[in-house]
Amino acid sequence: MRHLLLPSTTSLRRNPVTLDATPAKFKPYTRQSIQNARQWQWLSPDLQEAVQVVSHVLPFRTNEYVMEQLIDWSNVPDDPIYRLTFPHRDMLPAREYEQLRDLVLVNKDDAAIAQLVHQIRMRMNPHPAGQMTHNVPRVNDAPLKGLQHKYKETVLFFPSAGQTCHAYCTFCFRWPQFVGMEEMKFDARESTELVSYLGTHPDVTDVLITGGDPMIMNTRSLAEFIEPLLAPELAHIQNIRIGTKSVAYWPQRYVSDKDSDDLMRLFEKVVKAGKNLALMGHYNHAVELRQPVAQQAVKRIVGTGATLRMQGPLIRHINEDPNSWAELWTTGVRLGAIPYYMFVERDTGPREYFALPLARAHEIFQSAYSMVSGLSRTVRGPSMSAFPGKVVIDGVVTINGEKLFALQFLQARNPDWVRRPFFAKYDPDATWLDHLKPAFGRKKFFFEGGEDDHDTFGAAGRVIPIQAVQAQDRRASDSQPDAA
């Protein structure tokens, strides 16, 4: 079924991309302004309606670069970047969509809209995997706003000025940061509490600055958060990470923005101070790295001595093709980037729309992995960032005639669990860790309670009683993509 109002086939395709042709000035579009984009008129009324309705629940923001250079409009709505950035009606159950559509387009009742939107959002598991209940550190029994500390060696920091993105991904597990749910936001206005907390936690080696997207900030603002981490009293901080989608959605940040050269000097300063600066680049499809400006961005980043690690979730409708993953990893390696993680889509937001069975995820990863050389095989996956930690599917095996998933922790709340193999009954329909059942007749996995539980962080940190966690907390996931 054709969903586009086609002016002509050629005019809908991506523009031929050169550095001179890419937009030089960032121009965002939201629900309120998307009608001003020339491509809006190419969408059929049903696609326009879906954007207007679903964007009341999920954040919607794209930009001119994404629309001009990454989306193939002759393939909409099936183009992967279109599905990645534009809301679709199937992201909501049919009944919810109809209710919301009537309120938005017919009744236009703001109070009723707000009430229904809140109900839908709370159903969507807005903060999975104990992010607010178990990951937030406390000092003198008070939570530290804008920090998370799940794994002993890594602290996540959410600067308030970085709580937006150049464009929003429709699957994003951080969506509560962007939709006005103030009571669920993680944000810190300055780095004083972070520095103080790090000073009393010498076991912490890594700080991950995340969001949103910290690279939405200008260089001066970013430096105000990074430079305090270079102080001699924080010598135990070895790695400063920045989680960012800008490398795909606005690579001009590193190439042609007015302070892009200043940004490169900041990166060099961090490296010169003896720290490893790692940009955790979120890539979802090979097309995001085909653009010359995106490739130049990678070269400029690694040219400063910083590293760029490539990660992203496996998402139905968007990147199920192993060839796309193989191309992405191979291109990245050629440019100097490091393939890092393929994640499993998390248990939040419109997950039913995006989720793939774990068995299928493993097949896609294995197929892509087999296409690349050893330099690209630094990538790990498919990995679930679940409540107890990052669980990777190592394979599908048969033991004593029983078909099983072979799994292990790549990272865990309890460090003793890391690299400890375990097995689950094979389930072709399971899409998350909580869907799996232990193998060999066991009633529980080893991490679900019992003798393995202990205070992961010791007396100076938080006590995380795994056995006391409610079942719904255990079922929830932890982000796409922070890769802590």
Side-chain angles (χ1 to χ4, degrees), residues 150-151 153-157 162 165 169 172-174 205-215 222 226 229 237-251 253-254 263-264 266-268 270-271 275-286 288-289 294-315 319 324-344 346 365 368-369 372-385 389-390 392 410-411 418 478-484:
K150 178 176 180 178
Y151 305 128
E153 67 278 1
T154 305
V155 166
L156 275 62
F157 179 62
C165 297
C169 297
C172 182
F173 90 107
R174 293 285 189 204
T205 59
D206 292 41
V207 174
L208 171 56
I209 304 173
T210 185
D213 192 332
M215 297 311 303
L222 182 63
I226 289 181
L229 304 179
I237 303 301
Q238 302 172 19
N239 306 300
I240 298 173
R241 312 187 200 179
I242 301 175
T244 182
K245 182 68 180 179
S246 60
V247 287
Y249 281 168
W250 188 248
R253 182 71 192 90
Y254 309 91
L263 182 63
M264 298 301 101
L266 175 62
F267 289 179
E268 290 173 348
V270 174
V271 174
K275 311 288 187 182
N276 171 40
L277 177 64
L279 266 71
M280 318 308 291
H282 300 170
Y283 293 95
N284 298 104
H285 195 277
E288 295 171 331
L289 200 50
Q295 297 192 11
Q296 185 174 352
V298 175
K299 291 179 179 179
R300 294 203 80 195
I301 291 167
V302 300
T304 66
T307 58
L308 173 61
R309 295 179 182 266
M310 309 170 68
Q311 60 187 30
L314 178 59
I315 317 166
N319 54 17
S324 175
W325 286 98
E327 179 190 341
L328 178 64
W329 298 334
T330 301
T331 304
V333 166
R334 176 173 58 81
L335 298 169
I338 304 168
Y340 189 48
Y341 269 118
M342 176 196 281
F343 289 109
V344 176
R346 301 180 184 218
F365 178 84
Y369 197 81
V372 300
S373 76
L375 291 177
S376 294
R377 292 182 179 175
T378 52
V379 67
R380 296 174 291 181
S383 172
M384 295 175 278
S385 289
K390 287 186 172 64
V392 67
L410 296 176
Q411 184 61 283
V418 175
D478 180 33
S479 132
Q480 167 282 116
D482 284 331

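These figures come from a predicted structure and were not determined experimentally.
No donor-acceptor distance shorter than 3.5 angstrom exists from the side chain of Arg253 to the backbone of Ser246, with no hydrogens or angles considered. One N or O on the side chain of Thr378 and one on the backbone of Pro339 form a donor-acceptor pair closer than 3.5 Å.
Here the side chains of Met342 and Trp329 are in contact, with some heavy-atom distance below 4.5 Å. Put simply, the side chain of Tyr151 does not reach to within 4.5 Å of the side chain of Asp206, judged on heavy atoms.
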Task: Criterion side-chain hydrogen bond (donor to acceptor under 3.5 Å, both in side chains) on Gln411 and Glu153, from CA distance to verdict - done: CA-CA 10 Å; Gln411 184 61 283; Glu153 67 278 1; 2.4 Å; yes
Open item on the list: Could you go through Arg380 and Tyr340, starting from their C-alpha distance and side-chain angles, then the distance that decides it, and tell me whether this counts as side chain to side chain contact (heavy atoms under 4.5 Å, CB included)?
Closed with: CA-CA 6 Å; Arg380 296 174 291 181; Tyr340 189 48; 3.0 Å; yes
- [ ] Could you walk me through whether Leu289 and Val298 pass the side chain to side chain contact (heavy atoms under 4.5 Å, CB included) test, one step at a time?
- [x] CA-CA 9 Å; Leu289 200 50; Val298 175; 3.9 Å; yes
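Between Leu314 and Asn319, the closest heavy-atom pair is CD1-O, 3.2 Å. Contact detail for Ala294 and Pro251: the closest heavy-atom pair is CA-CB, 3.7 Å. The two residues Leu410 and Ser383 make their nearest non-hydrogen contact at CD1-OG, 4.5 Å. In terms of heavy-atom proximity, Cys169 sits nearest to Asn284 at SG-OD1, 4.1 Å.
Under the side-chain contact (heavy atoms from CB on, under 4.5 Å) rule, Arg241 has a single partner from Thr154, Leu277, Val207, which is Thr154.
Between the CG atom of Leu335 and the CD atom of Gln296 there is a distance of 11.0 Å, given to the nearest 0.5 Å. Note that CZ of Arg334 is 5.0 Å distant from CD of Gln295, once rounded to the nearest 0.5 Å. The structure places OG1 of Thr331 at 7.5 Å from CE of Met310, a figure rounded to the nearest 0.5 Å. If you take OH on Tyr249 and NE2 on His282, they are separated by 11.5 Å, rounding to the nearest 0.5 Å.
Under the side chain to side chain donor-acceptor pair (under 3.5 Å) criterion, Trp250 pairs with Asp257, sequence neighbours left out.
In this pair, Phe343 and Tyr341 present their aromatic rings parallel. The plane angle is below 30°, not in the 30 to 60° band.
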